[in-house]
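All remarks here apply to the structure that follows.
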Amino acid sequence: MAGLLYDHTSGHPFLVSRLCQLIDEDVSIQKNFHSKKAAWTQAGFFEALRMILSEKILFLNH
């Protein structure tokens with residue numbers, strides 16, 4: 001899992017944290033994963049990645 005996270009985020013703290021949060025809180029409750037153990041897999045990672053790529057993130061310029 002650490003390798004997948006690093007390969008897709010280069011260790012960026014926000015992205016790593018957000019992907020972990022999605023896996024733990026959102027992916028793990030989906031019917032096709034049904035548990036945290038099932039979510040913390042390659043399939044769960046890619047589901048979280050799909051979710052983060054579909055999010056609208058607002059960047060504010062100061």
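Tested against Phe33, the residues Val27, Asp26, Ile23 include a single side chain to side chain contact (heavy atoms under 4.5 Å, CB included) partner, Val27.
Rounding to the nearest 0.5 angstrom, the gap separating the NE2 atom in His12 from the CZ atom in Arg18 is 14.0 Å. One distance of note links CG of Leu49 with OG of Ser54; it measures 10.0 Å at 0.5 Å rounding. In this structure, Leu19 CG and Gln21 CD are separated by 10.0 Å, a value rounded to the nearest 0.5 Å.
A donor-acceptor pair under 3.5 Å links the side-chain atoms of Thr41 to the main chain of Ala38, judged by distance alone.
The two residues Met1 and Trp40 come nearest to each other via the heavy atoms CE-C, 3.5 Å.
Counting non-hydrogen atoms of other residues, nucleotides and ligands closer than 6.0 Å to OH of Tyr6 gives a total of 12 or fewer. Annotation: Gln42, atom CD; neighbour count of heavy atoms from other residues, nucleotides and ligands within 6.0 Å does not exceed 12.
Side-chain contact check for Cys20 versus Leu5: some heavy-atom pair is nearer than 4.5 Å. When side chains are defined from C-beta on, Ile52 does not count as touching His8, because their heavy atoms never get closer than 4.5 Å.
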